[in-house]
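Notes follow the structure.
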Amino acid sequence: MHALGPPSLMLLRRSWRHRTPWINAKAFASRASPNQSRGGLPRFYSDVLPPSKGNIVRVQGDEFWHITRVLRLNVHDRLELFNGTGEVTEGCIVKIDKTGLDVMALGDPEVYVPKGTQWNVYSAFGSLKGGRADWLIEKCTELGASSVTPLLTARSPSITDNRVDRWERVTLAATKQCQRLQKMVLNHPTTVHDLLPVVGVLSFYDSRRSQKMIKSCTCFSIYHTANSVIANVNFSSGLLVIQVSQSNLSILAEAEAVPLMEALSAMTIEQRGILIIGPEGDFTQEELKSLTEAGVTPVGLGPLRLRVETATISLLSAVTFWADSQAKEL
């Protein structure tokens, strides 16, 4: 019996060593689908994608490290590359050296357009400490937020630039983890003052005087951005840049307001929506007044006092589920 011990152990080790490549090959052989949450080819970020089948792109930096050192992919292994704007292409590793690897496209890039309401989050989380802001950014990405904008308020007036750089890395990591193809946009911080034109539906706003303006104009032109319509208006006093919101779906988390679900029952889904969450200590009365006068709908999130990150994720989760259920009924 004892004589069989070492050979048996040696056989077990050999079988495990030979089995590992077979498992990897099988896992990476399936064709990827747009929804990668249930598996498929491993997916990595690349600013540049091969324009067509047979073209080659170079992958370096963190993604190169992840591909070769973490997943230990090698030449001839298949993977997917995405650029964060909805484009994805399947490729095959054709070369690996010390500085990077080359991926050859096995087909033309495919483009996927996001479906459902695109939620733009404005949250006063700049003063959060201890990784709480990182957690907020990560979960907003996983829940499918279209963009997140740090909101500067009287009680949360500043944010450091080095944190913005870190949040960009958190966003990319979460984008890859949840397998979304459109990278969440992390905007530069904005003030309540600058937010008013975005939520003020079809209202003119003079940013020089901090008040709404209704005047006759001599020239009017508009162009579209991701979240709003920008209007250039020539008044007798000079050129004003005016933003006109594309959505009536602007929601503000406020203590003791109408319960969220009750407020949503009176709303209809739209292509885009805006969510606004104040800082710890809430908005000032002046800020609340200016936001509600601009057309924002205040909603309550329950009887308990919530942290900024908890309120943000609770509100985003609820409206996302609501919008999805409304879309299925149409």
Side-chain angles (χ1 to χ4, degrees), residues 24-96 99-121 134 137-148 164-187 226-227 271-272 316 320 324:
N24 287 340
K26 183 177 180 181
F28 299 149
S30 60
R31 177 67 178 97
S33 62
N35 181 2
Q36 291 292 291
S37 61
R38 299 188 180 277
L41 293 177
R43 181 180 292 167
F44 304 93
Y45 177 78
S46 176
D47 288 327
V48 180
L49 297 183
S52 60
K53 181 178 179 180
N55 289 109
I56 295 176
V57 294
R58 184 77 169 167
V59 178
Q60 296 176 297
D62 292 341
E63 296 296 77
F64 167 59
W65 176 272
H66 192 190
I67 292 171
T68 57
R69 298 301 180 89
V70 178
L71 293 185
R72 298 187 179 278
L73 301 188
N74 212 326
V75 175
H76 304 311
D77 283 331
R78 296 164 62 193
L79 48 74
E80 283 188 337
L81 297 178
F82 78 106
N83 61 4
T85 62
E87 291 186 280
V88 61
T89 186
E90 182 179 340
C92 176
I93 300 174
V94 295
K95 178 184 176 183
I96 300 177
T99 62
L101 58 85
D102 293 337
V103 176
M104 182 179 67
L106 300 179
D108 296 336
E110 299 180 25
V111 181
Y112 296 96
V113 179
K115 298 180 180 179
T117 302
Q118 302 302 296
W119 296 102
N120 301 286
V121 178
D134 293 0
I137 293 292
E138 179 184 75
K139 301 312 170 188
C140 283
T141 304
E142 293 177 6
L143 287 170
S146 177
S147 70
V148 168
V164 175
D165 294 337
R166 173 177 174 79
W167 292 338
E168 287 285 2
R169 295 193 296 270
V170 171
T171 300
L172 178 58
T175 300
K176 293 169 56 181
Q177 187 278 328
C178 69
Q179 296 289 331
R180 59 184 287 177
L181 292 174
Q182 284 79 19
K183 184 180 177 183
M184 187 184 74
V185 177
L186 183 60
N187 294 315
N227 301 327
Q271 183 179 4
R272 295 189 178 275
L316 177 58
T320 298
D324 289 346

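Bear in mind that the values here come from a model prediction, so they are computed numbers and not experimental data.
The residues Lys53 and Asp108 are annotated as not salt-bridged, no charged nitrogen and carboxylate oxygen being separated by less than 4.0 angstrom. With respect to Glu63 and Lys176, a salt bridge is recorded, a charged nitrogen being found less than 4.0 Å from a carboxylate O.
Checking side-chain atoms of Gln182 against main-chain N and O of Arg180 turns up no donor-acceptor pair under 3.5 Å. One N or O on the side chain of Thr89 and one on the backbone of Gly107 form a donor-acceptor pair closer than 3.5 Å. Although no hydrogens or angles enter the test, the distance criterion places a donor-acceptor pair under 3.5 Å between the side chain of Arg43 and the main chain of Gln179.
Considering every non-hydrogen atom in both Ile96 and Ile93, the closest pair reads CG1-CG2, 3.7 Å. The heavy-atom pair separating Arg272 from Ser146 by the smallest distance is NH1-OG, 3.9 Å. Nearest approach of Leu41 to Leu79, heavy atoms of both residues: CD1-O, 4.2 Å. Residue Val164 comes nearest to Leu186 through the heavy atom pair O-CD2, 4.0 Å, listed as atom of the first residue, atom of the second, then distance. Considering every non-hydrogen atom in both Leu181 and Phe82, the closest pair reads O-CD1, 3.7 Å. Here the closest non-hydrogen pair linking Pro109 and Pro50 is CG-O, 3.1 Å.
Separation of atoms CG (Leu71) and CZ (Arg69) is listed at 13.0 Å; rounding is to 0.5 Å. Here the CE-CD1 distance, from Met104 to Ile56, works out to 6.5 Å after rounding to the nearest 0.5 Å. If you take CD on Glu80 and CD on Glu110, they are separated by 8.0 Å, rounding to the nearest 0.5 Å. Rounding to the nearest 0.5 Å places CD of Glu138 at 10.5 Å from OG1 of Thr175. Summarising the geometry, atom NZ belonging to Lys95 is positioned 10.5 Å from atom CG belonging to Leu101; distances are rounded to the nearest 0.5 Å.
Checking each of Arg166, Arg169, Lys139 against Asp134 for a salt bridge (charged side-chain N to carboxylate O under 4.0 Å, His left out) leaves exactly one that passes, namely Arg166.
Take Glu87 and apply the salt bridge (charged side-chain N to carboxylate O under 4.0 Å, His left out) test, not counting sequence neighbours, and it matches no residue.
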Query raised in the report: Please walk me through it: do Ser46 and Arg58 pass side-chain hydrogen bond (donor to acceptor under 3.5 Å, both in side chains)?
Result: CA-CA 9 Å; Ser46 176; Arg58 184 77 169 167; over 6 Å; no
**Report entry** Steps toward side chain to side chain contact (heavy atoms under 4.5 Å, CB included) verdict (Asp62, Phe44)
**Finding:** CA-CA 10 Å; Asp62 292 341; Phe44 304 93; over 6 Å; no
Report task. May I have the step-by-step check of side-chain hydrogen bond (donor to acceptor under 3.5 Å, both in side chains) for Ser147 and Asn120, ending in yes or no? Result -> CA-CA 5 Å; Ser147 70; Asn120 301 286; 2.8 Å; yes
Report task. Verify side chain to side chain contact (heavy atoms under 4.5 Å, CB included) between Leu49 and Val57, making sure each step is shown before the conclusion. Result -> CA-CA 7 Å; Leu49 297 183; Val57 294; 5.7 Å; no
Requested in this report: Report the C-alpha distance between Ile67 and Val59 in whole Å, list the side-chain angles of each, state the deciding distance to 0.1 Å, and finish with yes or no for side chain to side chain contact (heavy atoms under 4.5 Å, CB included).
Outcome: CA-CA 9 Å; Ile67 292 171; Val59 178; 4.1 Å; yes
Requested in this report: Give the intermediate values and the outcome of side chain to side chain contact (heavy atoms under 4.5 Å, CB included) for residues Val148 and Trp119.
Outcome: CA-CA 9 Å; Val148 168; Trp119 296 102; over 6 Å; no
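Annotation: cation-pi pair Lys183/Tyr45 present, NZ/CZ under 6.0 Å from the ring centroid and within 45° of its normal.
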